[in-house]
Amino acid sequence: MNPLVLNEELSQLSLLVTYAAMAVFTLAFLVSGYHLSQAASSKSRILENQQAATRSGNVAVLEKESDIATQDSSKSLIVLERVSLALAILGTLILAAGVIMRGIAAARVPWANLYEYSITGALILMMIYLVSVRSKEVRIMATFVVGFVLLVLGTAVSVFYVQVASLMPALQSYWLVIHVMVALLATGFFSLAAALSLAYLLKTANWVENAKTKGTENFRAILGIFPSKETLERLAYRFNISGFILWSFTLIAGAIWAERAWHRYWGWDTKEVWTFIIWALYAGYLHANATRGWTGKRAVWLGLIGFAAVVFNFTIVNMFFKGLHVYSGL
Amino acid sequence: MSSSQLYESPDIGLTGWARWIWRQLTSMRTALLLLLLLAAASVPGSIYPQRSADPNGVALYFREDQQLAEVLDFFQLFDVYNSIWFSAIYILLFTSLVGCVLPRTKVHYEALKAEPVQTPTNLSRMPVYQMEQAPQGIDPIVEGKKILETQRYRVIQRGDSVSAEKGYIRETANLIYHFSLVGVLIAVGIGGGLSFSGQRVLAEGETFVNNLAGFDSLSPGTFFDPERLAPISVTLDKFEVDYDFLNETNIGAPLDFRATVTVRTPTDQAGQTSLVRVNEPLDSRGASVYLTGHGYAPEITIRDANGDISYSGATIFLPQDGNLTSIGIIKVPDNLPEQIGVVAFFYPSAIELASGAYTSIFPGVIDPLISMNVYTGDLGLDSGIPLNVYALDTDRLNQVAGRGTNNPAVEIRLGETVDLPEGLGTVTFDGIKRFASLDIAYNPGQLWVLIFAMLSLAGIIVSLTTPRRRIWIKKVGASFEVAGLSRRDDPRLEEVVRELTESIKKEK
Ligand code: HEM
């Protein structure tokens with residue numbers, strides 16, 4: 001057997017690099033948030049100008065002025081969006097370096113404890129986002145996605161962090177590579193769908209639709225530049241479909257692995273239970289999308305409940321529930 | 001005559017009711033609610049310990065709060081997945097599924113034989129619609145039909161319009177998906193009934209024979225027939241562990257467990273030697289052998305006051321922590337002049353704490369030590385009640401060595417022989433072996449579960465990624481219209497209609 005060599009210094013460096021990625025993501029978050037607010041105010045300015053132009057008789061002059069103003073602001077909006085996208089890409093590259101270093105330091109795939117699941121999962125989510133970013137409707141979700149990734153990474157480095165350690169024999173299996181990778185992929189798709197669903201719910205919420213205070217009015221203006229609620233719902237559905245297929249595979253792969261490791265393919269261990277619950281919830285969500293009276297808001301809520309179960313499974317079940325799966329490393 | 005008349009009207013009422021209930025049960029809304037209910041009903045099983053997975057956890061509940069535990073038990077919260085209420089939910093769900101999918105199969109079968117639907121009169125009402133000038137010398141209907149046929153649509157021309165449809169496989173795959181779920185359930189049920197799994201702890205050198213008496217514990221399925229146990233024997237030749245000595249932060253972490261076993265069959269007395277590791281069970285016909293645990297089995301000999309051997313052999317010590325501080329129980333009924341019971345602690349790498357107690361600081365054998373609390377009295381072996389070999393009931397025994405007595409615990413290092421107190425005899429620490437916990441399991445259903453699960457996965461992938469599309473082309477004077485409609489979400493519908501229109505125009 002080759003001797004195992006763990007590289008603790010490299011793993012410290014990986015942690016530093018992960019912090020650096022978080023710094024860049026924070027910038028990306030701020031810029032994309034600023035972009036949203038600018039886009040919202042420019043949109044309402046255009047509307048105001050148009051109204052003013054129609055009211056005053058002097059349409060031609062005003063229109064010209066507002067055209068110039070619109071062009072200027074739309075140019076700066078494009079720049080802002082590009083900058084935030086560039087920052088997101090840069091952050092993702094740095095995070096990728098951090099994750100790879102962690103893997104090299106541990107001499108194995110970097111997904112074998114809660115800290116590693118989190119950083120690899122964050123990386124995968126960013127990659128899925130960046131691949132989908134060509135669609136304008138998905139691109140606008142930057143603030144949500146990067147914000148969520150920051151939350152995940154922040155929890156990872158502050159709560160989940162553990163030193164590099166060897167793989168316990170129970171985890172030494174190529175099923176670790178397949179099963180966990182696919183689970184993280186599924187979680188990435190579910191997360192994006194959840195971001196879109198959240199935008200949908202905010203957009204259709206009563207307190208937003210009938211905004212009373214200045215603050216909520218601004219908020220509504222920002223939501224106004226998000227895709228229409230039909231588009232949000234449809235996109236969320238598409239991401240959830242990918243997530244559901246991958247999650248089904250996760251469940252099957254987990255059962256095959258359990259048979260190899262524990263002599264039975266299914267034993268209602270806590271982690272198995274929650275994998276099943278998530279699967280059933282999303283199956284319910286897909287049904288809701290085909291059931292009269294359940295499409296729209298109800299289905300979106302169901303999708304979010306499914307996602308809440310994913311988050312619960314990832315955090316609370318991993319850390320506090322008793323069972324055979326004790327891999328958080330905490 | 002009159003009685004049949006009497007029965008007639010309530011009879012109609014009953015079938016009416018039955019039909020109504022059946023319609024409710026097989027509605028999409030019910031399926032949805034039952035799925036959510038199934039998810040919710042699974043939750044308590046992850047909160048309360050389950051008898052099947054964690055019997056000790058259940059016992060603990062009963063010990064800590066008997067009353068609460070009895071209430072929980074009444075609601076079957078320790079057996080959630082076999083409970084009446086959980087079973088009721090999934091049986092209803094699958095009844096609903098069959099009741100839903102069978103009629104859909106019939107409808108779909110008919111749709112497969114039927115021609116594409118009539119072209120609607122008003123195509124501009126369709127979700128995707130385009131109208132274009134037809135180029136000179138081109139019949140958009142003929143061209144369009146040709147293109148759609150190469151794209152594997154089912155096409156029919158009716159007058160000056162074409163109606164095309166594709167993606168029937170979406171529904172086919174969806175039906176396969178749902179039927180496969182039934183297949184999974186049936187395979188799980190039948191396989192579970194025919195299955196068995198047994199546990200056996202073996203010290204190095206020991207042999208286990210695959211029959212009912214050979215197991216320490218056995219969980220057979222309902223239809224399991226002991227006659228069908230494969231006639232094999234398994235010898236644990238060697239058990240090896242690699243620990244990390246190299247990486248400072250990781251010292252003592254186990255890197256690999258290897259059990260070398262020899263499997264013999266009636267026709268192969270020499271046997272086949274192979275390696276069993278975690279994740280790499282030994283698959284032999286009719287049963288697989290899995291490695292599920294390990295620990296130390298120190299070899300101990302006890303001699304009575306006359307010097308005659310009253311106990312000897314490798315004794316299983318159950319690990320208590322990551323550095324393998326282990327506890328073993330020794331019962332010596334034939335010792336003279338008195339029966340002896342021992343609660344022994346084994347420290348593979350012992351150090352003494354400030355308190356005078358010992359602990360192990362490394363799971364490998366570096367400086368092994370056994371420390372014994374010794375009891376005398378009636379071990380209760382003759383009472384006829386089956387006793388746990390891993391526990392000693394000290395209540396009725398008299399402690400003669402260890403904390404709280406006049407004699408210190410008997411401490412003994414590898415190779416030493418030490419006197420027992422009060423002239424009971426001597427004890428020798430002869431050597432150290434390891435033991436392995438093996439699971440022997442057989443489930444003829446699991447391959448079928450896998451096959452149906454994969455089939456369902458294939459079904460859901462095809463069903464969710466193939467759109468069911470309808471396309472119409474219609475000639476209106478010198479122009480032509482193209483329209484498209486998809487059942488459910490279809491990201492490419494617009495593109496498809498646009499491309500089709502372009503190709504018709506380009507065709508020459
Ligand atoms: C174990 C229970 C069930 C599971 C896990 C399940 C899962 C699913 C999933 C994941 C889909 C989405 C596939 C798609 O949209 O093409 C689906 C579709 C569907 N299911 Fe189920 N199902 C179950 C039971 C039922 C039952 C009981 C019914 C009938 C009442 C039913 C009727 C349907 C129908 C009609 C569709 C197609 C919806 C569409 O038009 O796309 N399913 N099912």
Side-chain angles (χ1 to χ4, degrees), chain A residues 1 3-6 8 163-173 175 234 237-238 241 244-245 248-249 251-252 255-257 259-271 273-274 276-281 283-284 286-294 302 309 317 321-324, chain B residues 27-29 31-36 38-40 42-43 45-47 49-50 52-54 57 80-81 188 195 197 241-242 244-250 253-257 277-281 288-292 439-441 443 446 449-450 453-454 456-457 460-461 464-465 488-489 491:
Chain A
M1 202 189 75
L4 168 80
V5 182
L6 301 174
E8 182 55 35
Q163 289 182 318
V164 277
S166 59
L167 272 190
M168 62 170 93
L171 286 184
Q172 294 169 12
S173 163
W175 286 111
R234 207 180 56 234
Y237 175 74
R238 284 183 201 158
I241 284 179
F244 181 76
I245 291 173
S248 306
F249 181 84
L251 196 150
I252 297 173
I256 299 174
W257 187 6
E259 190 278 325
R260 294 285 85 183
W262 298 323
H263 92 232
R264 84 290 184 290
Y265 60 86
W266 196 263
W268 296 107
D269 183 56
T270 41
K271 221 42 202 302
V273 170
W274 278 91
F276 175 78
I277 291 173
I278 290 164
W279 178 80
L281 285 174
L286 291 183
H287 266 217
N289 273 292
T291 308
R292 210 175 306 124
W294 274 78
L302 259 184
V317 176
F321 279 39
K322 217 178 129 187
L324 287 169
Chain B
S27 79
M28 275 298 265
R29 206 162 45 99
L32 167 59
L33 292 177
L34 285 172
L35 266 170
L36 299 183
L38 190 67
S42 306
V43 175
S46 72
I47 296 171
Q50 298 297 295
S52 55
D54 183 13
V80 166
Y81 307 104
V188 167
S195 74
S197 81
V241 188
D242 295 331
D244 192 351
F245 282 99
L246 202 69
N247 301 287
E248 209 177 322
T249 56
N250 198 50
L255 300 179
D256 192 23
F257 301 126
R277 301 164 73 192
V278 187
N279 282 315
E280 291 171 25
S288 301
V289 180
Y290 303 79
L291 177 61
T292 58
D439 270 31
I440 295 86
N443 185 340
Q446 67 188 19
V449 176
L450 182 63
M454 297 312 282
S456 87
L457 187 64
I460 193 71
I461 291 174
L464 285 176
T465 54
R488 309 294 308 284
D489 180 49

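Below, chains carry the letters A, B, ... as their sequence lines are ordered, and counting in each starts from 1.
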Next on the checklist: Show the nearest heavy-atom pair for residues B:Leu36 and A:Leu281, with the distance to one decimal.
Outcome noted: CD2-CD2, 3.9 Å

In terms of heavy-atom proximity below 4.5 Å to chain B, should [X] be classed as side chain, backbone, both, or neither?
X: A:Val5; result: both
X: A:Trp279; result: side chain
X: A:Ala290; result: both

Item to check | Between B:Asn279 and A:Trp175, a side-chain donor and acceptor under 3.5 Å | outcome: no

Next on the checklist: Does either side chain, that of A:Tyr237 or that of B:Arg488, offer a donor lying less than 3.5 Å from an acceptor on the other one?
Outcome noted: yes

Item to check | Rounded distance (nearest 0.5 Å) linking atom NE2 of A:His287 with atom CZ of B:Arg29 | outcome: 14.5 Å

Checklist entry - Between CZ of A:Arg260 and CZ of B:Arg277, what distance do you get to the nearest 0.5 Å? => result 13.5 Å

So do the side chains of [X] and [Y] get within less than 4.5 Å of each other, counting heavy atoms only?
X: B:Val188; Y: A:Trp266; result: no
X: A:Leu6; Y: B:Leu246; result: no
X: B:Val278; Y: A:Trp262; result: no
X: B:Ser52; Y: A:Trp268; result: no

Checklist entry - Taking A:Leu4 as the fixed residue, which of B:Asn250, B:Asp242, B:Asp256 is the one that meets the side chain to side chain contact (heavy atoms under 4.5 Å, CB included) rule? => result B:Asn250

Next on the checklist: Quick check for you: among B:Gly57, B:Pro281, B:Ala253, which has the greatest number of heavy-atom pairs under 4.5 Å with chain A?
Outcome noted: B:Pro281

Checklist entry - B:Pro491 versus chain A, heavy atoms under 4.5 Å apart: side chain, backbone, both or neither? => result both

Next on the checklist: Under 4.5 Å from any heavy atom of chain A, what part of B:Leu34 do you find: side chain, backbone, both or neither?
Outcome noted: neither

